[in-house]
Amino acid sequence: MRSPQEFRFFTLLFRNIAHSTFRNITTIFAFAFIAAALFSSQYLIDGATSSLDTGMSRMGADILVVPEGYAAESQTIILNGQPSSFFFDGDNLEKISRIPGVAKASPQIYIATLFASCCAAPVQMIAIDPKNDFTISSWLRENQKVTLGKDDIIIGSSVIQTVGNDLIFYGHSFHVVGVLKHTGMGIDNSVFTRFEDANVMADESELKAVKKVSIPPGKISAVLVKVDPGISSASVASEIQKNIPGTKTITPNGLLNTVNGQLGAVRRLLIGTTLAATIIAVPLLGFISAMVAHERRKEVAILRALGAPPTFVIRLMLAESFFLAIIGGLVGIGAAAAFMIFFQDFIAFSLKIPFIMPPVEKIFIEGGTALLLCTGIGGVSSLYPALRINRSDPFDTIRKGES
């Protein structure tokens with residue numbers, strides 16, 4: 001049961017908020033803009049990081065070894081799924097396996113496909129050796145009824161097809177036996193098959209396909225490396241490049257740096273916008289609060305004359321500011337979240353970054369941070385006017401108002 005004082009407090013609070021609709025809407029919009037900019041910046045960074053973590057865990061590798069000169073194309077395949085084909089000597093697989101610290105090594109062949117019946121654009125075909133593969137093996141363990149047999153393919157989540165149907169690449173028909181989970185990375189736009197089936201497709205392509213595809217004998221495109229526990233992947237990557245000329249190594253940290261570089265301009269823009277909006281908003285909201293305090297000086301004086309303590313008035317004005325800040329923050333966060341979720345594929349494509357929705361707990365942290373900042377700005381901007389109006393003598397203020 002509320003006390004009379006609490007009832008009056010909340011009655012006054014909501015009456016004052018409802019009294020100046022236009023001014024309050026303007027204040028809410030300012031808070032919404034600040035919250036949306038801050039939330040969007042955090043959401044983009046966490047979404048890219050989550051996608052990279054998910055994708056790299058799906059790859060199951062600590063290092064990717066590719067031909068020297070094709071590091072950029074390899075990163076594009078991993079991050080965005082942009083199709084590409086390149087090769088180096090298959091003997092490098094054995095050489096890499098002998099490097100100290102290498103626990104396992106698995107070869108892959110990259111084949112850039114033509115426009116296929118499944119997709120609006122070409123997809124990346126990746127041929128693997130199921131016996132020692134890292135990329136698909138963990139997924140197969142989770143789906144033990146699925147086996148990768150003759151002319152079978154496992155497709156990424158963005159490849160528009162269902163299990164049990166067929167896809168044709170270079171005139172060769174493949175049967176879809178599985179669909180990988182969404183990662184937000186290039187793996188979503190890829191299809192996986194066995195070495196044997198890729199070679200058969202290449203041999204048949206001269207007669208069956210519009211364009212022949214070639215897989216040079218004894219060549220591979222990349223080697224996935226898993227290092228021994230407790231060994232630094234960076235040191236093993238350095239040893240590989242030192243001992244095997246013509247190779248280039250890619251590590252998760254290197255990919256993360258690439259993504260951060262791609263996000264850098266956007267992040268600086270969003271953070272700069274947030275800071276600029278905050279710098280402008282604090283004095284602006286302070287000015288609005290001062291105007292409100294000046295307009296309500298007689299009301300405050302009457303409250304004081306009736307026995308309301310100064311802390312009651314300060315609490316009332318701060319509560320109004322906090323209420324508007326919270327409403328504005330929630331509106332801005334909600335709008336930004338809806339935009340990010342609805343247009344996340346477009347955002348990832350435009351920025352050329354891997355991206356998936358961050359975990360729910362991170363979204364709450366991002367929203368809480370933005371909301372806390374808005375509340376803090378609201379409190380700072382209204383504190384001084386609230387203190388100043390309490391310094392005046394209530395009876396003098398009432399007499400001046402009556403004269």
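Note that these values count all heavy atoms, side chains included, but never hydrogens, waters or copies made by symmetry.
Distance alone, capped at 3.5 Å, is enough to place a donor-acceptor pair between the S205 side chain and the V213 backbone. In this structure, S235 contributes its side chain and S232 its backbone to a donor-acceptor pair below 3.5 Å. Counting only distance, with no hydrogens or angles, the side chain of S221 and the backbone of Y110 share a donor-acceptor pair below 3.5 Å. Side chain of N199 to main chain of E196: no donor-acceptor pair is present (N/O by atom type, distance under 3.5 Å, no hydrogens or angles). Checking side-chain atoms of Q108 against main-chain N and O of L224 turns up no donor-acceptor pair under 3.5 Å. In this structure a side-chain-to-backbone donor-acceptor pair under 3.5 Å is present from Q124 to S84. In this structure a side-chain-to-backbone donor-acceptor pair under 3.5 Å is present from T183 to M185. At distances below 3.5 Å, at least one donor-acceptor pair connects side-chain atoms of T113 with backbone N or O atoms of V123. Remark: side-chain polar atoms of S238 are not paired, donor with acceptor, to backbone N or O of A234 under 3.5 angstrom. T193 places a side-chain N or O within donor-acceptor distance of the main-chain N or O of D152, the cut-off being under 3.5 Å.
Ring planes of F86 and Y70: parallel class, angle under 30° (limits at 30 and 60°).
Interatomic distance, E361 CD to D46 CG, rounded to the nearest 0.5 Å: 10.0 Å. Atom CE of M125 is separated from atom CZ of F192 by 11.0 Å, given to the nearest 0.5 angstrom. Interatomic distance, I244 CD1 to K95 NZ, rounded to the nearest 0.5 Å: 7.0 Å. Here the straight-line distance linking atom CZ of F29 with atom CD1 of I34 works out to 10.5 Å at 0.5 Å rounding. The line from CG of D188 to NZ of K181 is 13.0 Å long, rounded to the nearest 0.5 Å.
Between the side chains of H172 and D151, a donor-acceptor pair is found at a separation under 3.5 Å.
Residues K211 and Y170 come closest through the heavy atom pair O-CD2, 3.3 Å.
Between I154 and L148, some side-chain heavy-atom pair lies under the 4.5 Å cut-off.
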Next on the checklist: What verdict does the salt bridge (Lys or Arg N to Asp or Glu O under 4.0 Å) test give for E366 and K362, after you've listed the backbone C-alpha separation in whole Å, the side-chain angles of each residue and the deciding distance to 0.1 Å?
Outcome noted: CA-CA 6 Å; E366 294 158 3; K362 282 194 174 183; over 6 Å; no

